[in-house]
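Have a look at the structure below, then the notes.
These numbers come from a predicted model, not from an experiment. Chain A is the first sequence line, chain B the second, and so forth, proteins listed ahead of strands; every chain is numbered from 1.
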Number of protein chains: 2
Amino acid sequence: MTAHKVITLNKIQIACKSCGLSNICLPLGLESDDIDRLDSIVQRNRPLRKGAHLFQTGDKFHSVFVVKTGAVKTYTQCPDGTEQVIGFHLPGEVIGLDGIELGKYICSAKALETSAICEIPFDRLEELTATIPNLQHQMFRLLSREISNDTSLMALLSKSTAEERLAAFLLSLSIRLHSRGFSATEFNLSMSRQEIGSYLGLALETVSRLFTHFQEEGILKVNRKYVEILDLEKLYGLLSHQTVCLEKLRAP
Amino acid sequence: MTAHKVITLNKIQIACKSCGLSNICLPLGLESDDIDRLDSIVQRNRPLRKGAHLFQTGDKFHSVFVVKTGAVKTYTQCPDGTEQVIGFHLPGEVIGLDGIELGKYICSAKALETSAICEIPFDRLEELTATIPNLQHQMFRLLSREISNDTSLMALLSKSTAEERLAAFLLSLSIRLHSRGFSATEFNLSMSRQEIGSYLGLALETVSRLFTHFQEEGILKVNRKYVEILDLEKLYGLLSHQTVCLEKLRAP
DNA sequence: CTTGATTTCTGATTGGGATCAATGATTTTT
DNA sequence: AAAAATCATTGATCCCAATCAGAAATCAAG
């Protein structure tokens with residue numbers, strides 16, 4: 001029987017209150033009682049294997065998702081087969097918010113590595129937000145942040161050179177990882193050069209060349225997916241005339 | 001005395017219920033009573049002159065704004081003095097949502113032409129959304145739409161050629177104007193080539209050349225700010241391999 | 001280990017759009 | 001109405017990054 005296995009799985013699942021992400025995630029700023037109410041509607045499914053989909057473009061929208069561990073990419077498929085990466089999502093980040101409007105997901109979400117995910121049925125969430133003002137406010141903030149982040153990225157994509165884009169990308173990763181308790185200066189990229197390129201509007205060859213270039217400059221030490229930032233200052237210096245990014249980079 | 005003038009101004013102000021935009025604006029889907037409650041917190045100030053600011057980067061966030069007539073651009077200022085246009089906002093579109101997160105506006109909003117604006121104090125709005133489920137849902141949808149739109153634009157900026165960008169821009173304008181009761185095929189651009197270029201990540205010269213080019217192809221008739229679309233089909237054809245855009249273009 | 005598939009790196013070439021520069025058209029100012 | 005300022009057009013040149021092409025490294029599996 002598999003019954004026992006399931007119970008075991010449930011036991012290892014972590015409630016919001018004891019989750020290390022509670023200070024960046026949805027429960028931020030909630031009273032203890034309210035966290036419990038939120039907790040009760042959160043579904044914690046089995047971890048998603050690398051390459052598995054959380055949802056796909058056009059699927060009926062029913063839930064938003066929070067990455068607990070691992071990493072997820074969102075992307076859309078172009079008619080010509082190529083994919084356009086929309087975003088990379090680290091622990092504590094919410095996915096699927098863009099599906100609210102039309103009632104269906106407008107992008108696909110795929111695990112870049114084995115990832116634990118919290119699922120929050122949106123109709124249940126809306127019931128809660130209507131009775132918990134702090135939660136409603138937190139949701140508005142979350143959605144607003146998403147918009148600000150997109151704004152920064154748009155500015156990056158429409159103005160900056162390839163060098164600035166990759167520098168901004170690496171710094172964003174560094175900051176986000178650091179605020180989640182990981183090292184700010186060494187980490188493994190869970191995405192390919194191709195995916196970074198798609199996200200930043202660059203060819204994969206350009207991304208590869210830039211990694212080499214940054215290495216020659218003594219800014220990075222790169223080995224395949226493994227990146228060590230040797231000179232954070234210099235990396236920041238590369239995007240010195242980027243208002244938006246510098247202001248917003250700390251956010252996500 | 002100016003008292004009489006003020007009263008006159010108040011009299012010409014249009015309540016949400018009798019506003020032509022009510023089917024695309026915030027009141028969408030609300031009961032009659034709830035529209036009245038929303039109406040009661042809407043501030044209708046005197047029209048904004050061309051070039052006047054609605055708010056500026058860093059200002060304390062207190063309200064969201066809806067364009068009633070006219071057009072508004074949002075933008076950020078780079079340290080080097082150049083500005084980055086974030087968006088163009090037509091009647092019925094909401095501005096300032098990106099300020100919720102940090103409690104201050106992260107961009108500036110300036111009238112491109114004389115514009116009537118509805119101002120909605122956000123703390124009052126949040127009180128209402130907590131008691132009117134439909135309004136809360138509408139706010140979530142609105143924020144979600146903003147995110148989807150940004151996503152489309154990011155894809156456009158990171159993948160497409162100059163030609164595709166301008167075509168998408170013109171079609172977006174055409175569709176949005178049409179859904180507001182204006183002509184889909186002839187309109188006046190309220191923004192300069194420079195501003196279009198900034199928004200699309202192109203040099204103003206490129207924008208100008210493309211207008212000429214589209215004219216040579218028989219797609220447009222352009223005279224300064226005045227644009228007439230002669231061949232909508234051909235214009236759509238230019239962005240045939242753009243998933244995201246074609247799907248999303250109808251939205252705003 | 002070997003084979004094949006995928007990913008990354010590097011070099012050579014090309015092209016789209018930026019930049020520089022000059023002129024013309026339009027609006028605003030005085 | 002003239003002068004000034006802004007905006008749009010057009011041409012010439014240049015450069016960054018895309019594309020094309022191939023080698024090398026890594027990974028997956030028999």
Side-chain angles (χ1 to χ4, degrees), chain A residues 49-51 73 78 80-85 110 112-114 156-169 188-217 220-227 238-239 241, chain B residues 49-51 73 78 80-85 110 112-114 156-170 188-217 220-227 238 241:
Chain A
R49 293 257 180 87
K50 175 175 175 171
K73 75 167 173 183
C78 297
D80 56 13
T82 63
E83 73 174 39
Q84 164 69 42
V85 174
K110 185 192 253 188
L112 288 167
E113 50 191 83
T114 303
L156 192 74
L157 290 173
S158 88
K159 279 232 153 136
S160 310
T161 63
E163 200 176 54
E164 289 166 336
R165 294 183 202 194
L166 190 61
F169 171 72
N188 271 289
L189 300 170
S190 47
M191 67 295 286
S192 69
R193 304 288 191 263
Q194 168 85 63
E195 286 164 334
I196 296 172
S198 171
Y199 178 64
L200 294 175
L202 301 171
L204 72 95
E205 293 94 328
T206 305
V207 176
S208 177
R209 271 185 257 269
L210 281 170
F211 272 121
T212 312
H213 174 67
F214 283 167
Q215 208 163 201
E216 288 163 355
E217 297 280 312
L220 299 180
K221 190 153 161 281
V222 186
N223 189 318
R224 248 12 223 189
K225 305 272 191 191
Y226 175 78
V227 174
L238 289 179
L239 37 95
H241 48 294
Chain B
R49 292 256 180 89
K50 175 174 176 172
K73 75 166 173 184
C78 296
D80 56 13
T82 63
E83 73 173 40
Q84 164 69 43
V85 174
K110 185 191 254 189
L112 289 167
E113 50 191 84
T114 303
L156 193 74
L157 290 173
S158 89
K159 280 230 152 136
S160 309
T161 63
E163 200 176 54
E164 287 167 337
R165 294 183 201 194
L166 190 61
F169 171 71
L170 289 170
N188 271 288
L189 299 171
S190 46
M191 67 294 285
S192 68
R193 304 289 191 262
Q194 168 86 62
E195 288 164 334
I196 296 173
S198 171
Y199 178 64
L200 295 175
L202 301 171
L204 73 95
E205 294 93 329
T206 306
V207 175
S208 179
R209 272 185 254 271
L210 281 170
F211 273 121
T212 312
H213 174 66
F214 283 166
Q215 209 163 202
E216 287 164 356
E217 297 280 312
L220 300 180
K221 191 154 161 281
V222 185
N223 188 318
R224 279 316 261 209
K225 305 271 191 191
Y226 175 78
V227 173
L238 289 179
H241 48 294

Residues B:S158 and A:S198: closest non-hydrogen pair is OG-O, 3.8 Å
Given C:dT10, is OP1 or OP2 found less than 4.0 Å from the side-chain N or O atoms of A:T212?
yes
Interatomic distance, A:Y226 OH vs D:dC27 P [rounded to whole Å]:
16 Å
To the nearest Å, give me how far apart CG (A:L166) and P (D:dC16) are.
17 Å
Distance, rounded to the nearest Å, where B:I196 contributes CD1 and C:dA18 contributes P
14 Å
Enclosure of B:K225 NZ (heavy-atom neighbours >12, cutoff 6.0 Å)
yes
B:L210 CG to C:dG16 P, straight-line distance once rounded to whole Å:
12 Å
Of the listed nucleotides C:dT8, D:dT19, C:dA18, the one nearest the side chain of A:A203:
D:dT19
Under 4.0 Å between a side-chain N or O of A:S208 and OP1 or OP2 of C:dC9?
yes
Atom CG of B:L220 to atom P of D:dT9: distance rounded to whole Å?
12 Å
Selection from D:dG11, D:dA17, D:dA8 that lies nearest to any side-chain heavy atom of B:R193:
D:dA8
With side chains defined as the heavy atoms from C-beta onward, is the minimum distance between B:E163 and B:L210 less than 4.5 Å?
yes
What about A:R209, does its side chain sit under 3.5 Å from the base of C:dG11 through a donor-acceptor pair?
yes
Regarding A:G201, tell me which of base, sugar-phosphate or nothing describes its non-hydrogen contacts under 4.0 Å with the strands shown.
sugar-phosphate
If you take atom types as modelled and just measure distance, does the side chain of A:E205 reach the base of D:dC20 with a donor-acceptor pair under 3.5 Å?
yes
Picking from C:dT8, C:dG17, C:dG24, which would you name as closest to the side chain of A:K225?
C:dT8
Residue mapping more 5' on DNA chain D - nearest nucleotide basis, A:A162 or A:N223:
A:A162
Can you tell me how far C1' of C:dT8 sits from CD of A:Q215, to the nearest Å?
13 Å
Closest heavy-atom pair, A:Y199 versus A:L157, reported as atoms and distance to 0.1 Å, is O-CD2, 4.0 Å
Less than 3.5 Å between a donor and an acceptor, one on the side chain of B:R165 and one on the base of C:dG17, is that the case here?
no
Atom pair distance, as rounded to whole Å: CG in B:N188 and P in D:dC7
16 Å
Assign B:L204 to base, sugar-phosphate, or nothing according to its heavy-atom contacts below 4.0 angstrom with the strands shown.
base
In terms of the nearest nucleotide of DNA chain D, which residue is placed more toward the 5' end: A:E163 or B:Q194?
B:Q194
To the nearest angstrom, how far is A:H213 atom NE2 from C:dT8 atom C1'?
18 Å
Taking all non-hydrogen atoms of both residues into account, name the closest pair between B:L238 and B:E164 and its distance.
O-CG, 3.3 Å
